[in-house]
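The structure presented is a predicted model; accordingly, all values stated were derived computationally and were not measured.
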Amino acid sequence: MSGGYGAYAMARHHVVAFIRNLKATRLLSAIAILGLAIGLTGAILMALVVRTALGFNDFVPDNDRIYLGVSVMNAPGMPPNYNQSSNDGAALLVDANMPEVEAAVRLVEEEVGLSRAGTTATQPIYWADPDFFEVLRLSVLHGDPATALRRPDAIVMTRIEAIRHFGREDAVGEAIEVAGNPMVLRAVLADLPDNATDLENGIFASGLAAQSPLSGQITAKADQFSIGARTYLRLRSGASAEQVEERLNSLIAGLLPPFMRDAYSMELVRIDRIALHEGFHPDARSRLEIGSLVAGLILFIAIANFINLSVALSGRRRREIGIRKASGASRRQIAAQFLGEAVATVLASPRRGAQE
């Protein structure tokens, strides 16, 4: 009992001494805390930006084997122009000619009308090939997305979209009209993380549906060349993306009109590297590196400023230290007090920075 009371009294004394010291040196303490707050805030914000960029699409299983086939237009005298959509027949060519690719699927975004129980809304959805979720194996909450899109009347939603349109998460088997045709919810996925994926909405409808822009694209013909679908490829373990890309471009050349054969090519971009790809985000990686360096320097200056001010203020507390040592305090106890005050100051700094 006495031991517990003694520890409580010591902790209370440390807190009182810390608060009194802050009040006695208001200006210098404010400068130290404010500088540390700015440094920590800048470092934390930059760390979040870096984590978002480097963690792009990392929630997708086997993301290191999944690639997005992007279009590259090379006009004479102009820098390459990149487009996340690619030739509509690329996936069909891959499936028919490349055994080193497990599967290739297409995704087409279209704004359609969704109707249920007298309520109509217009929003973008994805039309997807039946095996889309065999390539991007997203986390599922209800149903089986791997087989859901193999039915022409099937639709798959993320959790937030299911709640928005059906009023509840577990609505598998419920119907909704898509572009004027009834479709049935076959699976519900976990919500996609914000700003961490190239998938921008959470509704996937079967490309086999009659109203789907994918339903008529069953062959790859030279007279049907167009760019309008995203093409995702899942490579087999150990397959070389460079070799697949080279073979794919040789196959695509057969679909191109003669005047486009030197101007159009496809590039495979790993889905976890889209956010830093030079074609879509020029100088993104260098900006990230410079930003991280600046944030590190700001934090270093803030810490140096805090240490210098703390050392300068330590002379004012010599009498307190002398009295405590004379009262029987050990060096470890005194060190613990000052370390505790430093930790408390650091913990208070982000809150102060957030308020400002």
Side-chain angles (χ1 to χ4, degrees), residues 57 60-63 65-71 83-112 124-140 143-158 161 178-179 181 183-189 192 197-221 224-236 239 241 244-245 247-248 251-252 255 266 268-271 274:
N57 276 329
V60 180
D62 300 324
N63 55 73
R65 293 197 287 124
I66 303 173
Y67 290 78
L68 176 65
V70 304
S71 295
N83 190 328
Q84 289 196 17
S85 296
S86 58
N87 176 252
D88 299 339
L92 303 173
L93 289 173
V94 170
D95 282 338
N97 299 280
M98 295 187 181
E100 62 266 45
V101 178
E102 285 187 6
V105 293
R106 299 166 299 171
L107 199 68
V108 173
E109 187 171 13
E110 183 182 37
E111 191 165 286
V112 300
I125 70 167
Y126 290 124
W127 296 101
D129 279 332
D131 294 331
F132 179 77
F133 294 111
E134 286 295 318
V135 176
L136 270 69
R137 296 171 181 172
L138 304 179
S139 178
V140 60
D144 182 10
T147 59
L149 296 182
R150 295 175 185 173
R151 303 183 56 165
D153 66 343
I155 191 169
V156 175
M157 295 183 178
T158 56
E161 292 292 345
V178 179
N181 293 274
M183 301 190 78
V184 179
L185 183 66
R186 299 294 181 185
V188 177
L189 307 172
L192 304 175
T197 175
D198 57 312
L199 300 175
E200 298 173 350
N201 68 69
I203 301 180
F204 304 84
S206 174
L208 299 176
Q211 69 272 30
S212 165
L214 295 176
S215 62
Q217 299 175 12
I218 57 176
T219 60
K221 298 180 180 179
Q224 294 181 348
F225 182 85
S226 63
I227 299 174
R230 295 188 192 182
T231 303
Y232 291 91
L233 290 76
R234 184 184 184 91
L235 274 58
R236 298 189 186 278
V244 171
E245 181 180 307
R247 289 190 58 198
L248 175 59
L251 292 171
I252 288 292
L255 299 180
M266 284 185 64
L268 299 186
V269 180
R270 222 169 74 177
I271 62 171
I274 295 175

Drop me the distance from [X]'s [atom1] to [Y]'s [atom2], to the nearest 0.5 angstrom.
{"X": "Leu107", "Y": "Asp198", "atom1": "CG", "atom2": "CG", "value": "9.0 Å"}
{"X": "Gln84", "Y": "Ile227", "atom1": "CD", "atom2": "CD1", "value": "13.5 Å"}
{"X": "Asn57", "Y": "Thr197", "atom1": "CG", "atom2": "OG1", "value": "4.0 Å"}
{"X": "Thr231", "Y": "Leu68", "atom1": "OG1", "atom2": "CG", "value": "7.5 Å"}
{"X": "Tyr232", "Y": "Leu136", "atom1": "OH", "atom2": "CG", "value": "6.5 Å"}
{"X": "Ile252", "Y": "Met266", "atom1": "CD1", "atom2": "CE", "value": "5.5 Å"}

Give the minimum heavy-atom separation between [X] and [Y], together with the two atoms involved.
{"X": "Gly228", "Y": "Asp88", "answer": "N-OD1, 3.1 Å"}
{"X": "Pro152", "Y": "Ala209", "answer": "O-CB, 3.2 Å"}
{"X": "Pro145", "Y": "Gly143", "answer": "CD-O, 3.7 Å"}
{"X": "Ala154", "Y": "Ala148", "answer": "CB-O, 2.8 Å"}

Any chance you could lay out the side chain to side chain contact (heavy atoms under 4.5 Å, CB included) test for Leu199 and Arg230, step after step, and finish with the verdict? CA-CA 11 Å; Leu199 300 175; Arg230 295 188 192 182; 4.3 Å; yes
With sequence neighbours excluded, residues passing side chain to side chain donor-acceptor pair (under 3.5 Å) with Arg150: Asp131
For Glu102, enumerate each residue passing the side chain to side chain donor-acceptor pair (under 3.5 Å) test, keeping only those at least two apart in sequence or located in another chain. Arg65, Arg234
Report the residues that fulfil side-chain contact (heavy atoms from CB on, under 4.5 Å) with [X], sequence neighbours left out, ordered by chain and then residue number.
{"X": "Ala205", "value": "Ile125, Trp127, Ile155, Met183"}
{"X": "Glu245", "value": "Asn249, Glu267, Leu268"}
{"X": "Asn63", "value": "Asp58, Val60, Ile271, Asp272"}

Is there a donor-acceptor pair closer than 3.5 Å between any side-chain N or O of [X] and the backbone N or O of [Y]?
{"X": "Asp129", "Y": "Arg106", "answer": "yes"}
{"X": "Ser71", "Y": "Ser85", "answer": "yes"}
{"X": "Gln211", "Y": "Val178", "answer": "yes"}

Between Ile203 and Met157, does the side chain to side chain contact (heavy atoms under 4.5 Å, CB included) criterion hold? Intermediate values first, please. CA-CA 5 Å; Ile203 301 180; Met157 295 183 178; 4.2 Å; yes
Quick one about Asn201 and Glu161 (side-chain donor to acceptor, distance below 3.5 Å, no hydrogens or angles considered), yes or no?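 Looking only at side-chain atoms, Asn201 and Glu161 do not form any donor-acceptor pair under 3.5 Å.
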Assess whether side chain to side chain contact (heavy atoms under 4.5 Å, CB included) is satisfied between Leu138 and Leu192, documenting all intermediate values. CA-CA 9 Å; Leu138 304 179; Leu192 304 175; 4.1 Å; yes
Atom pairs and distances, donor-acceptor, side-chain atoms in residues 89-101, under 3.5 Å, two or more places apart:
| from | atom 1 | to | atom 2 | distance (Å) |
| --- | --- | --- | --- | --- |
| Asp95 | OD1 | Ala104 | N | 3.3 |
| Asn97 | ND2 | Leu93 | O | 2.8 |
| Glu100 | OE1 | Arg247 | NH1 | 3.3 |
| Glu100 | OE2 | Arg247 | NH1 | 3.0 |

For Arg151, is the CZ atom crowded, meaning more than 12 foreign heavy atoms sit under 6.0 Å from it? no
Strictly under 6.0 Å, is that where the ring centroids of Phe132 and Tyr126 end up? no
Go through Phe133 and Val156 one step at a time and tell me if the side chain to side chain contact (heavy atoms under 4.5 Å, CB included) criterion holds. CA-CA 10 Å; Phe133 294 111; Val156 175; 4.1 Å; yes
